[in-house]
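To start, the structure under review is shown below, and the notes come after it.
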Amino acid sequence: MSTPESSARRRDRTHYLYIAVIAAVALGIVVGWRFPEFGKELKPLGTGFVNLIKMMISPIIFCTIVLGIGSVAKAAKVGKVGGLAIGYFLVMSTVALVIGLVVGNLLHPGSGLHISQDVAKLGQKQVGEAENTTEFLLGIIPESLVSAFTEGSVLQTLLVALLAGFAVQKLGSRGEPIRRGVEHIQRLVFRILAMIMWAAPVGAFGAIAAVVGETGWKALQSLAVIMIGFYLTCALFVFVVLGAMTWLFARVNLFRLLRYLGREFLLILSTSSSETALPRLIAKMEHLGVSKPVVGITVPTGYSFNLDGTAIYLTMASIFIAEAMDKPLSIGEQIALLVFMIIASKGAAGVTGAGLATLAGGLQSHRPELVDGVGFIVGIDRFMSEARALTNFAGNSVATVLIGTWTGELDRAQLDRVLSGQDPFDEKTLIEDHAGKDTEGAEKST
């Protein structure tokens, strides 16, 4: 006799979608390798899919934060969650920076390459300009209340959503119709996202084929040391540092948590952008048992401030370029340069290739003679971007669980049910699984 749970499992056919994504990635590698020119022409497929996902980011962040703050009785609670999250993000970014610094100085990834100025300038034109601190801070304020959604800026949307959430909260009972309206809009937005996800195999195929077609295998072989070293360093940070934090403070097995988020990691791997998985992370963290206010504040903020993978990348890339150009950095220079980069990189976590602009901006401000060397790693930046995105995403998922634990906003029973597979995530609506639960994670009586 079939149970409702088994029927729900049978109706979930989205696992075919992610099998198709894996097949598309493999096919894209083959096409890019065998037919490089054709592979380059497929780049718009990947770009189009990522743009479809980015189209949904602003409305999802807005709805999530407004609902999270609007449902909290006291504003002090929001401030507590936000302050705790920012403090945690700064500490973990510093830990990641130190780990990257140690590994980079042990490996000496760029020694022996002796890059000439002519070679270093190849690809430099592909690197964008980084903002200074003043431009970054002013850029958080949108030109209008609506432009935050049209320009696609995570921080601008975050600011508008915070203001709207507190406004709904201050309205009290008169703001309840607005909150319900935003809740209906959130359901619509997540439903659209679920439809867009069926284009993932096409996007993954085009993106991977274009990358392999542009770089080829030779570029990867010549830079194998820094790539392998970077991936191993990211793995060390995730499985040792984050794993220890998750178990010591939340008594959660990291491997079970990462398994629960397996489809999101696959999506990030195929698109090289953690931004594509942001909406699903919000939905899955709420389903896991973390309250709406904590998820609504921690996840979007983490995408702008929790840059563990980016910190490791900036550290190792700086050391690599300096040694490859025979102009090594002293320890003091490394620390000063990388502290600047961590501050300058806030808000760029989900943007593919943004690490290059931050890297170039930091080198320009501290060691201008090294800026041309950034062009040398353009060819493999996409592959390193994948590790950055995966590490950033893992860091944000762990942070959400930890903040939920520390603030008492984590439903432990729901978490155990989800991680044990007893309460599967609804892939069709993304939010219907937990729609009947209040902000504390407990089910409402019927």
Side-chain angles (χ1 to χ4, degrees), residues 60-61 63-89 91-92 165 183 186 238 241-262 264-265 277-303 305-306 308 392-426 430-445:
I60 286 173
I61 288 178
C63 293
T64 302
I65 292 180
V66 170
L67 290 175
I69 295 178
S71 60
V72 176
K74 295 182 179 180
K77 184 177 179 181
V78 176
K80 177 183 177 182
V81 173
L84 187 60
I86 293 294
Y88 171 81
F89 295 154
V91 170
M92 295 310 293
E183 193 172 52
Q186 185 192 48
V238 171
V241 178
L242 295 183
M245 293 283 293
T246 308
W247 179 252
L248 289 175
F249 294 104
R251 282 295 185 263
V252 174
N253 186 302
L254 178 67
F255 293 98
R256 294 177 69 190
L257 178 63
L258 298 184
R259 181 184 177 187
Y260 171 62
L261 298 170
E264 288 66 45
F265 282 109
L278 186 152
R280 290 179 58 87
L281 179 61
I282 290 174
K284 279 202 162 182
M285 286 294 103
E286 289 184 12
H287 176 64
L288 189 66
V290 185
S291 71
K292 281 182 178 291
V294 171
V295 174
I297 295 169
T298 305
V299 174
T301 306
Y303 262 69
F305 291 92
N306 194 25
D308 303 329
N392 288 339
F393 183 80
N396 283 321
S397 61
V398 168
T400 307
V401 172
L402 291 178
I403 300 299
T405 301
W406 292 332
T407 57
E409 297 290 318
L410 174 64
D411 185 341
R412 175 65 60 173
Q414 172 68 5
L415 181 143
D416 291 338
R417 285 195 299 270
V418 171
L419 294 186
S420 64
Q422 297 176 26
D423 188 359
F425 180 70
D426 189 341
L430 303 188
I431 61 172
E432 201 160 300
D433 263 355
H434 50 273
K437 298 172 185 176
D438 61 19
T439 58
E440 301 301 321
E443 295 186 3
K444 295 179 179 179
S445 59

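In what follows, every heavy atom counts, from backbone to side chain, and hydrogens, waters and symmetry copies are set aside.
- In plain terms, the two heavy atoms of M92 and M245 that are nearest each other are SD-CE, 4.2 Å.
- Atom OH of Y88 is separated from atom OG1 of T400 by 9.0 Å, given to the nearest 0.5 angstrom.
- Note that the CD atom of E286 and the CG atom of D411 stand 13.0 Å from one another [nearest 0.5 Å].
- Looking at V81 and P293, their side chains never come closer than 4.5 Å, going by heavy atoms from C-beta outward.
- Residues L281 and S397 approach most closely at CD1-CB, 4.0 Å, considering heavy atoms.
- Closest approach of Y260 and V418 over heavy atoms only: CE1-CG1, 3.3 Å.
- Here the side chains of N253 and L257 are not in contact, with every heavy-atom distance at 4.5 Å or above.
- Atom CD of E409 sits about 3.5 Å away from atom OG of S291, to the nearest 0.5 Å.
- Put simply, the side chain of V238 reaches to within 4.5 Å of the side chain of L254, judged on heavy atoms.
- For CZ of R259, the number of neighbouring non-hydrogen atoms (other residues, nucleotides, ligands) closer than 6.0 Å is 12 at most.
- Using a 4.5 Å cut-off on side-chain heavy atoms (C-beta onward), V294 and L410 make no contact.
- Considering only heavy atoms from C-beta on, Q414 stays 4.5 Å or farther from L288 through its side chain.
- Nearest heavy-atom pair, A250 versus V401, reported as atom, atom and distance to 0.1 Å: CB-CG1, 4.1 Å.
- Counting heavy atoms from C-beta on, the side chains of D423 and H287 come closer than 4.5 Å.
- A pairwise comparison of heavy atoms in L402 and T246 identifies CD2-CA, 4.2 Å as the closest pair.
- Minimum interatomic distance between F393 and A277 (heavy atoms only, all atoms of both residues): CE1-CB, 3.7 Å.
- In this structure, CD in E264 is found 11.0 Å from CG in L278, a value given to the nearest 0.5 Å.
- The backbone N or O of D308 sits less than 3.5 Å from a side-chain atom of N392, completing a donor-acceptor pair.
- Interatomic distance, CH2 of W406 versus CG of L84, reported as 6.0 Å (0.5 Å rounding).
- Between W247 and V252 the shortest side-chain heavy-atom distance does not fall below 4.5 Å.
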